[in-house]
Amino acid sequence: MDGNRTRSREERTRMIAEARDGNEQAMALLMEDAWPAVFRYLRGLGISESDAPDLVQEALIRGMTKLDRYYPEKADFHTWLCTIARNLYIDTLRKRDREQLFNPLPSDADDVSSRRDNAIVMELVDPNSEAFPDPDLRDVLTRLPADVRFAVLMKVVHGLTNKAVGRLLGIPEGTVKSKVHYGLLRLRKGLDGCA
């Protein structure tokens with residue numbers, strides 16, 4: 001980028017048009033310009049500093065290959081790329097092996113927005129760990145979709161608010177409530193069958 005300056009909306013619009021026409025330099029400049037915004041957004045979701053660059057890169061490449069689907073009247077370019085990054089992150093969660101669970105977050109993590117600079121690192125643990133000694137519980141938990149399992153664990157086990165869980169997943173509070181409700185029903189049904 002030219003001396004780390006922020007590009008105006010008009011400059012960005014011109015570069016998008018050039019990139020759509022196959023100008024690789026314009027694509028490179030768009031990616032360079034968007035990198036910091038998408039990286040900050042992912043870190044704000046709690047993605048580790050070591051994992052965020054890969055997701056940023058994947059989101060930017062996907063965005064450049066799908067420029068024909070970007071409509072400036074619907075969203076700012078960086079917002080559009082952040083949405084792509086969030087969706088890639090959610091896809092990553094869904095694709096994880098069903099045996100993987102998230103480590104507990106610190107108990108003071110209720111206000112995620114106040115911890116943006118020290119974003120929470122979510123790591124995966126083996127469901128066979130001592131954290132869940134009951135084999136029936138482990139089995140039922142591993143059968144939940146990754147995003148539902150995450151919402152249930154963060155809300156019920158770690159006591160985060162719906163708002164905090166929503167920020168981590170990039171979804172509305174109401175959706176968090178639905179995922180937790182669905183997850184608890186599935187857990188209850190699964191554990192009732194084990195009794």
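In this text the structure is predicted, and so the values were computed from the model without any measurement.
Put simply, NE2 on His78 and CG on Leu30 are 7.5 Å apart, with the number rounded to the nearest 0.5 Å. Residue Leu55 holds its CG atom at 11.5 Å from OH of Tyr41, rounded to the nearest 0.5 Å. Separating the NZ atom in Lys155 from the OG1 atom in Thr161 is a distance of 7.0 Å, to the nearest 0.5 Å. For the atom pair CD1 (Ile16) and CG (Asn23), the distance works out to 13.0 Å, reported to the nearest 0.5 Å. Taking OG1 of Thr65 as the start and CG of Leu60 as the end, the distance is 10.5 Å to the nearest 0.5 Å. The structure places CZ of Arg40 at 8.5 Å from SG of Cys82, a figure rounded to the nearest 0.5 Å.
Contact record, Gly183 with Val152: CA-CG2, 3.8 Å, taken as the closest heavy-atom pair. The two residues Val38 and Ala85 make their nearest non-hydrogen contact at CG1-CB, 3.8 Å. Across all their heavy atoms, Leu42 and Ala52 have their closest contact at CD1-O, 3.9 Å. Across all non-hydrogen atoms, the minimal contact from Val165 to Ala151 is CG1-CA, 3.9 Å. Closest heavy-atom contact between Leu81 and Ala34: CD1-CB, 3.5 Å. When all heavy atoms of Phe39 and Glu49 are compared, the pair lying nearest together is CZ-CG, 4.0 Å.
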Take Val148 and Arg186, measure what side-chain contact (heavy atoms from CB on, under 4.5 Å) needs, and give me the verdict at the end.
CA-CA 10 Å; Val148 172; Arg186 291 275 306 267; over 6 Å; no

Start with the C-alpha gap between Met27 and Met15, add the side-chain angles, then the distance that decides, and say whether side-chain contact (heavy atoms from CB on, under 4.5 Å) holds.
CA-CA 7 Å; Met27 275 189 208; Met15 287 193 311; over 6 Å; no

CA sep, side-chain torsions, deciding dist, call: Arg86, Thr83, side-chain contact (heavy atoms from CB on, under 4.5 Å):
CA-CA 5 Å; Arg86 184 195 72 216; Thr83 301; 4.1 Å; yes

Can Lys179 and Thr175 be said to form a side-chain contact (heavy atoms from CB on, under 4.5 Å), step by step?
CA-CA 6 Å; Lys179 288 184 182 299; Thr175 306; 3.9 Å; yes

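With salt bridges taken as basic N to acidic carboxylate O contacts below 4.0 Å, one links Arg14 and Glu18. For the pair Asp68 and Arg20, the salt-bridge criterion is not met [side-chain N within less than 4.0 Å of a carboxylate O].
Taking the six-membered ring for Trp and thresholds of 30 and 60 degrees, Tyr70 and Phe77 have ring planes more than 60 degrees apart, a perpendicular arrangement.
Looking at Met31 and Ile61, their side chains come closer than 4.5 Å, going by heavy atoms from C-beta outward. Annotation: side chain of Pro53 is in contact with side chain of Trp35 (closest heavy-atom distance under 4.5 Å).
In this structure, Arg43 contributes its side chain and Ile47 its backbone to a donor-acceptor pair below 3.5 Å.
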